[in-house]
Amino acid sequence: MADAVVPPAGAVAVEVVVAAPAHSGLGEPLTYLAARPLAPGTLVRVPLGRREVLGMVWEPTATPREAPAGALRPVAEVWEALPPLDARWRALVAFAARYYQRTLGEVALAALPPALRTLSAAQLTRRLHKAARARHSAAPSTPGGQPPSVTDAQAHALAVIDTSDRPVLLFGATGSGKTEVYLQATARLLADDPEAQALVLVPEINLTPQLEQRFRARFGDAVTTLHSGLTPAQRLQHWLAAHRGQARIVLGTRTAVLASLPRLRLIVVDEEHDPSYKSQEGARYSARDLAVYRARLGADLGCRVVLGSATPALESWHAAAVGRYQRVDMAQRMGGACWPQLRLVDMRQQPRGTTLAPALLAAIEARLARGEQALVLLNRRGYAPVIACDACGWKSGCPHCSAHLVYHKGDRSLRCHHCGHAARVPRACPDCGNVDLTPIGRGTEQLEEQLALALASLRRADGSPVRIGRLDADTARAAGALEHTLEAVHSGAIDVLVGTQMIAKGHDFRRITLVASVNTDGALFASDWRAPERLFTLLMQAAGRAGRDAAFVAAQGSVVELWVQTAYPQHPLFAALARHDYAAFAAQQLHERRTAGMPPFSHQALLRAEARQLDAALAWLRHAAAAAHDLPGRPHVTLYAPVPMTMTRVAGIERAQLLLESPHRPALQALLAAWLPRLHTLRAHADTRGLVRWAIDVDPLSF
DNA sequence: AGCACGCCGACT
DNA sequence: GTCGGCGTGCTC
């Protein structure tokens, strides 16, 4: 074919990484011919088999590989218009690829905006010119207003951020003014260095619109965003602005940690404990951990990293305790806002099946009567998690998953929350024909209904009936619905907001004086040993929604309360919660984890397998474990027996996993690095029929 | 991962 | 007789 073309005299070999997984045999950089040497980080299009793909020039690997068999093919196109991705960025990608056991190309190319891959060099050049013109015609940014003066705690935090040689863990209560610290740290940096860039990471941008608003209000056009809500064209445009240094501040979700930011000097990870920083597919990286590493790579520029949370991840808390991070405390809530008092409702004293204890209902009524608002948390959407037949015991199971179909009353459907399967609610039991099917348990939809019923006779000051709003993945699906509901809470159009954990995020509600958690115990004894940490975080976060306006609370003469319904009121988690004492909770949890040898006192990786039949998945994992037998690091790594996942079947696929654990991270890393090539060989040559796919998850968060 | 080639069941 | 299922093999 075209390969017969004789390379021009003076052509040189260049190494190029492409977005190919390791099992393709293309894990290492590929060698092509170019008319002249190309700088590492340059984007190129290269022929690969019968197609042409985007690749990136990489520096030759330290250990020279033997030349590929056939004649080298020439690079098809060099994207000269785009400045190469710089050495710091490549070092970050190289680290992420190595640590999370992926190929360079997978990580490097996945970090680029998808729209970039579809462009030709000519289209890119046009795009860049257009962006440059738009920039010239745009009005200069006009940051609005004077920054507010800072409290002593904020000033201290800023001083530490300025001077610390370590990652800073900003431990600040909800409403203690962490955002103002981020803003002023950013402002100082930009004032100090006319080219510096800052990266602000948030868990989910649509749940925290206020942070974006505050950054825009302060820095105007210097702010750009990077998240999945943007159109492909916007994402490309924003990415280019960051890459070319025009965007001074990038506000984004976890993917933004891999954005190109040549003059990056400040990284903020807000709500650093949030699990959404851990990627759950592809390269399963932790954006928080990569942020810390990235700051280290930028040390020569004076790059700093700030991890902020009211309830840090226990890993981060421990890192601060041993001195790897520097902790700064901001304990006080601004403006004298007070902490909710904890009210535990012992559900063992309530009749079985009670949704809302009478005392809690009365407390809500009292608040509504005074014109205050309440927030009721139930971490389960739908009307009921399952429906059952009264006669034969049939339950609504998903045909594709080891899960129940959830009853959604609104559209009379049964829906699987794992695979999306949806069906009409049957008129009668599919097994015995009995017509009495009963919903078991409660979801937000039912809670909303029961609250409406219970509060039906209640009137607001103006005589109108009280209004109940619901916020969960179902009601938030429609465009603008989330903003609309939040606005209704702010304006007072909604008196009681019912919802899943999404109502606990950073919304700054002014008139909420009561927060209630209705069905708490599921999380207390979940099989996942991280469940208590997540529950504590959720309840602290939810509690933080109440009493934010101290003047309002005082004028009302009200008491701010957090109500928790539980059958285990004596659980130590609640004692710490009552004192809103994260430190005590962390100490207790860390003690348990140390005793049990769990993270952060050990390091873990999972080998996950998916297969048509469970046996095939388990057999593969056993093969894999056997293949690890004599590997480096093996003596320091515990391999547990392969087990089916808690949710064994999802969308017709059986899942199992093998846990690896080591007190010594380098040993685990060494083992993984040596193990993966063997696994690829095993997959290709051993009998692995039925196995659909497998993947390594380093530092897994969920099991 | 793509994208081909290649060998067995229900349709114009 | 073809269209099309997805099994295996290759890509510097």
Side-chain angles (χ1 to χ4, degrees), chain A residues 1-8 11-38 40-79 93 96-97 100-119 255 279-285 608-613 616-617 620 651-653 676-677 679-697:
Chain A
M1 298 202 311
D3 295 32
V5 173
V6 177
V12 294
V14 290
E15 301 294 288
V16 175
V17 299
V18 296
H23 68 255
S24 64
L26 303 176
E28 300 288 304
L30 306 179
T31 314
Y32 288 87
L33 286 174
R36 56 179 179 79
L38 297 174
T42 305
L43 283 171
V44 290
R45 291 195 77 86
V46 291
L48 185 68
R50 267 147 249 253
R51 64 213 163 103
E52 197 178 278
V53 296
L54 186 63
M56 187 180 295
V57 177
W58 213 263
E59 37 270 280
T61 33
T63 51
R65 292 165 297 118
E66 60 182 272
L72 296 179
R73 300 175 75 181
V75 168
E77 206 172 76
V78 180
W79 289 10
V93 165
Y100 294 105
Q101 306 296 332
R102 290 280 158 161
T103 67
L104 282 170
E106 278 178 294
V107 178
L109 279 299
L112 303 177
L116 199 61
R117 293 195 204 191
T118 64
L119 294 184
T255 51
S279 169
Q280 291 300 331
E281 74 246 320
R284 297 164 131 87
Y285 61 85
R608 301 180 189 269
E610 298 185 2
R612 294 264 165 235
Q613 314 83 23
W620 159 252
I653 298 288
L676 260 84
L679 294 182
H680 290 129
T681 311
L682 202 61
R683 172 67 162 128
H685 299 303
D687 179 13
T688 55
R689 264 174 303 181
L691 182 68
V692 176
R693 58 173 153 249
W694 62 274
I696 289 275
D697 188 344

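Note that the coordinates shown come from a computational prediction; the quantities given were computed from them, not determined experimentally. Sequence lines set the chain letters: A, B, ... in the order given, protein chains first and strands last, and positions in each chain run from 1.
Look at CD on A/Glu52: it is 14 Å from C1' on B/dG2, rounded to the nearest Å. Rounded to an integer number of Å, the gap from A/Leu30 CG to B/dG2 P is 15 Å. For the pair A/Glu106 CD and B/dG2 P, the computed distance is 10 Å after rounding to whole Å. C/dT8 atom P lies 13 Å from atom CG of A/Leu691, rounded to whole Å. Distance CZ (A/Arg51) to C1' (C/dC12): 13 Å, rounded to an integer number of Å. Taking atom CZ on A/Arg612 and atom C1' on C/dC6, their separation rounds to 11 Å, with Å as the unit. Straight-line distance from the CG atom of A/Leu33 to the P atom of C/dC12: 12 Å, rounded to whole Å. The nearest whole Å value for the distance from the NE2 atom in A/His680 to the P atom in C/dG9 is 17 Å.
Checking the phosphate oxygens (OP1, OP2) of C/dC12, a side-chain nitrogen or oxygen of A/Arg73 falls inside 4.0 Å.
Considering only heavy atoms from C-beta on, A/Val46 stays 4.5 Å or farther from A/Leu30 through its side chain.
Under the ring pair (Phe, Tyr, Trp, His ring centres under 6.0 Å) criterion, A/Trp694 pairs with A/Trp620, A/His680, not counting sequence neighbours.
Atom-to-atom distance recorded for A/Met56:CE and A/Glu15:CD is 14.5 Å, nearest 0.5 angstrom.
Proximity note for A/Arg50 (side chain, C-beta onward) versus B/dA4, B/dG2, C/dC12: the nearest is B/dA4.
A donor atom on one side chain and an acceptor atom on the other are not found under 3.5 Å apart for A/Arg284 and A/Ser279.
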